[in-house]
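Here's the structure we're looking at; comments come further down.
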Amino acid sequence: MKFIVSSSALLKKLQILGGVINSNNTMPILDNFLFELSANTLTLSASDLETTVRGSLEVESDSEGSIAVSAKLLTDILKTFSEQPLTFLVKDNNSIEISSTTGKYSLAYLDGEEFPRPVELPEAHKVSIMGDILATAVQKTIFATGSDDLRPTMSGVFFEFGQEGLTFVGTDAHKLVKYERRDIKASENSEFIVPKKPLNILKGILAGSESEVVIEYNESNAKFSFDEMEFICRLIDGKYPNYDAVIPKENPNKLILNRSQFYNSINRLSLFSSKTTHQVRLKIAGSSLVISAEDVDYSNKGEERFTCNYQGDDMEIGFNSKFLKEMISNLSSDEIMLEMSFPNRAGIITPNDGLDEGEKVLMLAMPIMLNS
């Protein structure tokens with residue numbers, strides 16, 4: 001088995017694949033990349049058993065075979081080379097000889113047959129979406145997902161596909177984000193929960209991408225295919241909570257704010273808030289908004305006053321500043337609207353501008369009981 005490959009092209013592909021490898025694997029073979037050679041195509045795979053990532057590269061070769069190579073060692077070696085062709089020659093004594101323009105190097109390999117095979121997806125449903133749209137949907141929702149082992153369904157992003165459009169939801173019970181695309185339809189209704197790890201890798205690769213991503217899914221697995229790459233991941237088992245039930249439908253109190261000004265104010269005042277509750281208080285009366293925070297334990301206190309665009313009854317409501325900052329920073333609009341009903345009901349944040357046609361974003365923040 002012998003092939004010649006571009007050092008930088010191989011490194012770029014392996015760095016994407018390496019994101020899926022765990023630092024402490026239960027099976028030693030999972031510390032390796034799988035190389036499968038067939039004529040002029042080298043297929044590379046990495047897996048943690050839950051997620052398998054595959055990519056292919058064009059190489060110069062007329063042989064075939066499969067081997068498993070140490071992921072960390074090979075990546076570290078490739079980082080030291082400038083762009084050049086590398087020749088890989090697999091020898092019978094379980095070693096690979098790598099030849100560069102200046103030297104020869106030898107490292108061990110394992111039998112590729114030991115590497116776990118990715119699952120097949122029989123009778124899979126299918127939907128196509130632009131890479132950049134999928135990356136945006138994941139970015140807008142993944143930060144709101146939870147990490148509580150007792151509520152595994154909340155530790156991933158909920159995908160809800162139907163003839164009305166596509167919906168993506170992330171929640172940890174304190175905050176919730178719902179991202180909708182009404183301009184992309186699925187042929188039939190289906191829903192599934194994708195874990196965070198593969199989505200974080202996908203989000204990084206697909207940001208700004210104009211490639212089409214084909215999503216295939218059945219009851220237990222999903223596959224994302226694009227640009228000669230495949231991500232196959234096991235879905236989170238269980239029923240997603242009824243998120244629509246927690247979104248208040250009647251919100252007569254509407255506050256329109258400059259997003260960056262509001263973010264800067266919350267960011268500043270969060271420094272004065274309690275280290276346990278991170279509470280900021282919004283007091284709205286007429287066209288006046290007062291944002292304040294206080295840490296009684298350390299006698300720290302801050303307050304800022306603004307003229308605002310507000311329709312509704314005078315009210316006072318408290319929010320967790322950490323959650324507010326996360327949500328506002330994940331929006332790109334100039335203005336946002338904060339809709340409220342009562343101080344003990346969730347507040348809804350939506351962008352007032354900057355959305356594509358067919359795109360909708362709704363963010364929900366649970367209130368904090370105000371300390372008098």
Side-chain angles (χ1 to χ4, degrees), residues 15-27 29-31 33-34 45-55 71 115-122 124-127 129 131 133-161 166-181 186 190-207 209 213-226 229-243 326 330:
Q15 283 177 322
I16 294 171
L17 270 60
V20 84
I21 298 174
N22 289 332
S23 51
N24 49 347
N25 282 306
T26 48
M27 293 167 63
I29 192 76
L30 297 177
D31 293 331
F33 291 123
L34 174 66
S45 304
S47 178
D48 66 355
L49 291 183
E50 297 286 318
T51 303
T52 300
V53 189
R54 302 173 78 180
F115 203 86
R117 298 284 140 193
V119 294
E120 298 297 322
L121 274 74
H125 306 294
K126 196 182 281 189
V127 69
I129 182 170
I133 292 176
L134 180 60
T136 302
V138 172
Q139 183 219 321
K140 290 271 190 271
T141 51
I142 199 166
F143 77 92
T145 57
S147 49
D148 185 350
D149 291 340
L150 299 175
R151 292 191 278 195
T153 53
M154 289 191 190
S155 66
V157 173
F158 181 57
F159 284 49
E160 193 173 24
F161 291 173
L166 313 185
T167 302
F168 304 82
V169 182
T171 185
D172 62 359
H174 300 289
K175 56 186 181 292
L176 179 147
V177 181
K178 178 182 176 185
Y179 180 84
E180 296 175 89
R181 294 298 304 212
S190 50
E191 51 189 53
F192 51 95
I193 310 166
V194 185
K196 271 191 276 206
K197 186 175 176 178
L199 289 179
N200 267 319
I201 303 171
L202 275 170
K203 176 183 69 150
I205 304 167
L206 292 171
S209 164
V213 180
V214 176
I215 307 173
E216 295 170 74
Y217 49 94
N218 59 18
E219 285 187 0
S220 51
N221 294 279
K223 178 161 87 172
F224 301 82
S225 310
F226 58 95
M229 297 278 298
E230 279 183 359
F231 279 70
I232 303 155
C233 65
R234 188 177 297 165
L235 300 172
I236 295 172
D237 191 26
K239 184 151 180 62
Y240 202 73
N242 181 3
Y243 64 86
E326 277 183 314
N330 263 280

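The first residue of the sequence shown is numbered 1, and numbering continues consecutively from there.
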*How many angstroms lie between atom CG of Leu121 and atom CG of Asn221, to the nearest 0.5 angstrom?*
5.5 Å
_If I compare all heavy atoms of Glu216 with all of Ser225, which pair ends up nearest, and what's the gap?_
OE2-OG, 4.1 Å
*Rounded to the nearest 0.5 Å, what's the gap from CZ on Phe231 to CD1 on Ile205? Could you check?*
3.5 Å
*So which heavy atom on Ile232 is nearest to which on Pro118, and how close?*
CD1-CB, 3.7 Å
*State the CZ-OG distance between Phe159 and Ser190, to the nearest 0.5 angstrom.*
11.0 Å
*Salt-bridge contact Lys197-Glu50 (side-chain N to carboxylate O under 4.0 Å)*: no
_Chi angles and distances behind the side-chain contact (heavy atoms from CB on, under 4.5 Å) call for Leu17, Met229_ = CA-CA 10 Å; Leu17 270 60; Met229 297 278 298; 4.1 Å; yes
_Heavy-atom side-chain proximity of Asn218 to Pro122 below 4.5 angstrom_ = yes
_Are the side chains of Val138 and Leu202 in contact, using a 4.5 Å heavy-atom criterion?_
no
*Taking all atoms of both residues into account, what is the closest heavy-atom pair of Thr145 and Asp172, and its distance?*
C-CB, 4.0 Å
*Considering non-hydrogen atoms only, spot the tightest contact between Met154 and Tyr240 and give its length.*
CA-CE1, 4.5 Å
*Given side chains that start at C-beta, do those of Thr52 and Val20 come closer than 4.5 Å, heavy atoms only?*
no
*Mind checking whether Glu191 and Lys239 have side chains closer than 4.5 Å, heavy atoms only?*
yes
_Asn22, CG: over 12 other non-hydrogen atoms inside 6.0 angstrom_ = yes
_Between Lys140 and Lys178 (side chain of the first, backbone of the second, donor and acceptor by atom type, cut-off under 3.5 Å), is there such a pair?_
no
*Parallel, tilted or perpendicular: rings of Phe168 and Tyr179 (30°, 60°)*: tilted
*Taking atom CD1 of Ile201 and atom CZ of Phe224, what is their separation to the nearest 0.5 Å?*
11.5 Å
_If I compare all heavy atoms of Leu206 with all of Gly131, which pair ends up nearest, and what's the gap?_
CB-O, 3.5 Å
*Which atom names give the shortest non-hydrogen contact between Ala137 and Thr141, and what distance separates them?*
O-OG1, 2.7 Å
*Answer whether the closest heavy-atom distance between the side chains of Tyr243 and Thr171 falls below 4.5 Å.*
no
*CG of Leu235 to OH of Tyr217: how many Å apart, nearest 0.5 Å?*
11.0 Å
*Starting at CG of Leu30, measure out to CG of Asp48 and round the result to the nearest 0.5 Å.*
7.5 Å
